[in-house]
Peer 1: 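Once you've had a glance at the structure underneath, I'll fire off some questions.
As a basis for the values below, the full set of heavy atoms in this structure was taken, side chains included, without hydrogen atoms, waters or symmetry mates. If you're wondering where the values come from, they're calculated on a predicted model, not measured in any experiment.
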Amino acid sequence: MSQNLSRRSFLTGSALGAMGLLGGAALAGCSPAAPPEAEESTSGGVGVSGEPSWINAPAEIAETEIVESIECDLLVIGAGLAGVAAALSAAEHGLSVVVAEKMEMISERGAGAGTIDCADSLAFDDGACASIEDAQFRWMQTCGNRPNEALVAQFLNRSGEAGDWLVEKARAHGCHIGIWDGYSRNPLLPDEPGYLIINGGDDLDRPDMPFVGPEVLYQDSVKAGATYLFEAPAEQLTVDDSGKVTGAVLNTKDGYKKVTASKGTVLATGDIGGSEEMCDYYCPIANTIPNIYTPTGANTGDGHKMALWAGAAMQEGPFPTALHPQRWADPSSNQLEGPFLYVNEKGKRFFNEGTWVQARSLQIMQNTADDCAYSIFDASWPEDLLDSFSAGGGMFWDMFREKGTSTYQTTVDYYAESIEQYLDSVYFKADTLEELAQKIGVPEKEFLATVERYNELCDARYDEDFHKAKQFLYRIDEAPYYASKVGAVLLVVVGGVRVNTDLQCIDAEGNGIEGLYAVGNVSGDIHAVDYPINVPGNSHGRALTQGYLIGRMLAGVE
């Protein structure tokens with residue numbers, strides 16, 4: 001069975017049937033003792049033996065090759081947001097911590113972290129979730145009711161606490177703290193207003209990063225006594241005769257170092273999005289679009305592999321993806337999309353545009369030949385966009401505005417400047433619809449018919465073609481006319497090793513694997529089917545929260 005599946009075959013269902021072999025059997029309980037059955041394939045994911053190249057554990061590294069042995073209470077593998085949060089949380093409660101990171105520095109990315117109810121430290125009246133019950137329902141609904149709901153509840157219940165913890169640390173470094181104000185107000189697709197913005201800092205090495213939360217936690221963890229070993233990838237876990245994970249062997253420039261951790265080993269290695277082979281097996285769709293994860297080469301599923309070799313189970317697949325429609329965005333990763341008419345390369349409309357960032361990305365991937373669609377609007381776009389925010393918005397509809405320092409007009413002004421600056425690359429402008437069709441390379445006749453039909457629906461105030469809410473129906477009839485180029489990119493693959501609410505890795509029968517824990521995107525069962533962005537930035541928020549919790553749990557603090 002070949003894993004090399006096209007984007008369209010995957011999204012339209014034929015691949016789901018093929019992946020059924022993996023989802024129900026192999027992915028639910030992959031381990032060295034029970035490798036998945038598969039036909040021979042020449043794809044990267046499955047070798048001639050019928051097994052992925054990484055499914056079986058490598059030979060044990062001999063004691064004679066160990067140049068140094070290190071003992072600690074807690075070993076954290078990975079120094080992204082989840083890893084540094086775990087390190088600080090444990091160290092500030094008295095545990096000795098070693099962090100092993102394969103890159104030369106900690107991993108930082110993104111613009112913020114999604115939380116629920118961190119309003120205590122932010123003093124914003126609407127910084128709190130209106131209904132956690134509703135938020136959890138929408139999360140589970142988006143994920144096809146397949147996650148471990150106890151993990152979802154744990155995140156929603158404790159992320160505000162973790163957010164307050166990070167905010168307190170960041171303020172001590174002189175960082176600027178804020179809440180994103182561009183979240184969706186759509187009653188059908190509301191976002192929760194807890195996306196933390198943290199930047200600047202008086203004493204940080206990289207204050208220019210859009211989100212400096214990881215460096216804040218890193219610096220504080222070092223002050224609290226945590227030891228970091230960089231360029232020291234963990235190659236395999238160490239397991240005693242009882243099956244308990246006791247630590248790991250690191251491959252450093254000085255040779256192999258063995259770390260023994262009495263309290264536990266925490267995997268915080270991130271997702272599999274940087275491994276074409278693992279994505280081919282667990283998430284084929286991830287290999288069909290550009291991956292914008294940084295640092296490049298970090299997220300290759302190392303923790304997933306080591307957990308499998310230790311007997312842990314993987315959540316059912318295919319794994320879900322976090323997507324953004326940023327492929328053709330301006331250098332600031334913003335672009336005017338809004339709720340306006342979209343057309344594909346054939347000049348045809350193909351979905352309800354008044355939707356959220358994941359649906360927008362997936363619809364483009366499914367309904368275009370080259371992952372390129374065009375958002376079409378006219379000279380009245382500033383008024384139309386401004387009008388849409390009270391009942392819409394969200395990522396890449398609005399922009400990354402901060403509450404208290406900007407307004408909806410800020411977004412309109414930004415896009416007005418961006419359009420002029422990036423004409424004929426991101427945006428296209430024409431005096432007639434015929435000229436616009438020519439500029440974006442779509443069939444003129446079909447395009448004109450699409451716009452005419454769309455205007456009829458706007459006049460009727462009822463979209464019988466795709467049922468977009470009437471408040472988002474804006475006519476296209478006033479020159480000049482515009483098109484914005486839109487396509488999807490991959491952020492992370494949010495699927496991984498099964499864990500319980502102690503964040504302990506579990507086997508296929510649900511039994512905990514003693515000594516082994518997983519946090520952030522190496523852990524699974526909190527997302528499934530799709531990425532629920534009703535808590536914007538929850539991939540980062542989950543990493544922060546689970547890292548904060550595991551340090552406390554292993555230190556005996558709830």
Side-chain angles (χ1 to χ4, degrees), residues 80-82 84-85 108-122 124 126-132 134-143 147 151-167 170 177-186 189-199 209-214 216-217 270-271 293 320-324 326 333 356-358 361 393-403 491-492 494 519-521 523 526-527 530-549:
L81 179 56
V84 295
E108 298 178 271
R109 71 193 64 81
T115 64
I116 291 286
D117 282 348
C118 59
D120 288 348
S121 62
L122 295 170
F124 289 129
D126 63 351
C129 176
S131 169
I132 290 183
D134 289 355
Q136 181 155 331
F137 178 84
R138 292 188 183 99
W139 184 300
M140 293 299 296
Q141 184 182 51
T142 301
C143 294
L151 291 172
V152 179
Q154 181 184 63
F155 166 70
L156 296 178
N157 288 337
R158 304 296 295 272
S159 65
E161 177 186 337
D164 287 340
W165 176 70
L166 172 57
V167 166
I177 314 293
I179 283 280
W180 180 49
D181 199 33
Y183 57 90
S184 171
R185 271 76 168 182
N186 189 329
L189 302 166
D191 293 341
E192 303 303 335
Y195 186 93
L196 286 175
I197 296 171
I198 301 177
N199 49 46
M209 292 292 293
F211 177 57
V212 298
V216 166
L217 298 176
D271 79 306
Y293 184 98
T321 53
L323 306 170
H324 277 178
Q326 292 177 268
S333 295
W356 58 311
V357 63
Q358 286 287 114
S361 299
M395 286 191 178
F396 306 100
W397 179 328
D398 202 336
M399 58 178 291
F400 283 94
R401 300 180 300 101
E402 183 181 333
K403 184 170 179 61
L491 279 72
V492 288
V494 286
V519 294
N521 282 329
S523 68
I526 197 170
H527 303 100
D530 204 354
Y531 179 64
I533 207 169
N534 65 303
V535 181
N538 69 75
S539 175
H540 256 171
R542 183 266 286 257
L544 168 67
T545 302
Q546 290 184 333
Y548 166 79
L549 290 176

Peer 1: Could you tell me which non-hydrogen atom of R542 sits nearest to which non-hydrogen atom of I526, and how far apart they are?
Peer 2: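 Closest pair (atom of R542, atom of I526, distance): NH1-CG2, 3.2 Å.
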Peer 1: For Y293, is the NZ or CZ atom of R109 found under 6.0 angstrom from the centre of its six-membered ring and inside 45 degrees of the ring axis?
Peer 2: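 Ring-cation test returns yes.
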Peer 1: Donor-acceptor check, side chain of N538 to backbone of V535, threshold 3.5 angstrom: yes or no?
Peer 2: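 Here the side-chain-to-backbone pair exists.
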Peer 1: Checking S159 side chain against I116 main chain: does a donor-acceptor pair fall under 3.5 Å?
Peer 2: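 A pair under 3.5 Å: yes.
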Peer 1: Indicate yes or no for a side-chain donor-acceptor contact from S184 to the backbone of N186 under 3.5 Å, with no hydrogens or angles considered.
Peer 2: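 Judged by distance alone, yes, a pair lies under 3.5 Å.
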Peer 1: Can W139 and N534 be said to form a side-chain contact (heavy atoms from CB on, under 4.5 Å), step by step?
Peer 2: CA-CA 7 Å; W139 184 300; N534 65 303; 4.3 Å; yes
Peer 1: Any donor-acceptor pair under 3.5 Å linking the side chain of W180 with the backbone of M399?
Peer 2: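 Checking the backbone N and O of M399 against the side chain of W180, a donor-acceptor pair under 3.5 Å is found.
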Peer 1: May I ask you to decide if G112's main-chain N or O and Y195's side chain share a donor-acceptor pair within less than 3.5 Å?
Peer 2: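 Indeed, once roles are kept as given, a pair shorter than 3.5 Å links the two residues.
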Peer 1: Taking the side chain as every heavy atom from C-beta outward, state whether I179 and I197 have any atom pair closer than 4.5 Å.
Peer 2: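 Of all side-chain heavy-atom pairs linking I197 with I179, none is under 4.5 Å.
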Peer 1: R138 and P190: which non-hydrogen atoms are nearest, and at how many Å?
Peer 2: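 Closest heavy-atom pair between R138 and P190: CZ-CG, 3.3 Å.
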Peer 1: Donor-acceptor check, side chain of Q154 to backbone of Q546, threshold 3.5 angstrom: yes or no?
Peer 2: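 No.
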Peer 1: On the ring face of Y183, is R185 found with NZ or CZ under 6.0 Å from the centre and within 45° of the axis?
Peer 2: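 Judged by the rule, R185 and Y183 form a cation-pi pair.
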Peer 1: Nearest 0.5 Å, please: how far is CG in L189 from CD1 in I533?
Peer 2: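 These two atoms lie 11.0 Å from each other.
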Peer 1: How long is the straight-line distance from OH of Y548 back to CZ of R158, given to the nearest 0.5 Å?
Peer 2: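 If I round to the nearest 0.5 Å, the distance is 6.0 Å.
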Peer 1: Which value, rounded to the nearest 0.5 Å, describes the distance between S131 atom OG and E192 atom CD?
Peer 2: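 The OG atom of S131 sits 8.0 Å away from the CD atom of E192.
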Peer 1: Check whether any side-chain heavy atom of L217 lies under 4.5 Å from a side-chain heavy atom of L544, and answer yes or no.
Peer 2: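 Yes; the side chains approach each other to less than 4.5 Å.
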Peer 1: Are the side chains of P214 and L81 in touch, meaning some heavy atoms are under 4.5 Å apart?
Peer 2: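 Touching, per the 4.5 Å side-chain cut-off.
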Peer 1: Could you tell me whether the side chain of T115 and the main chain of G194 form a donor-acceptor pair under 3.5 Å?
Peer 2: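 Yes; judged by distance alone, with no hydrogens or angles, the pair exists.
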Peer 1: Run I198 and F211 through side-chain contact (heavy atoms from CB on, under 4.5 Å) and show every step you take.
Peer 2: CA-CA 5 Å; I198 301 177; F211 177 57; 4.1 Å; yes
Peer 1: Can you tell me if D181 uses its side chain to pair, donor with acceptor, with the backbone of K403 under 3.5 Å?
Peer 2: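 Here the side-chain-to-backbone pair does not exist.
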Peer 1: Kindly indicate, with the supporting measurements, whether the criterion side-chain contact (heavy atoms from CB on, under 4.5 Å) is fulfilled by M395 and W356.
Peer 2: CA-CA 8 Å; M395 286 191 178; W356 58 311; over 6 Å; no
Peer 1: Do N521 and H527 meet the criterion of a side-chain donor-acceptor pair at a distance under 3.5 Å?
Peer 2: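 Per modelled atom types, N521 and H527 side chains form no pair under 3.5 Å.
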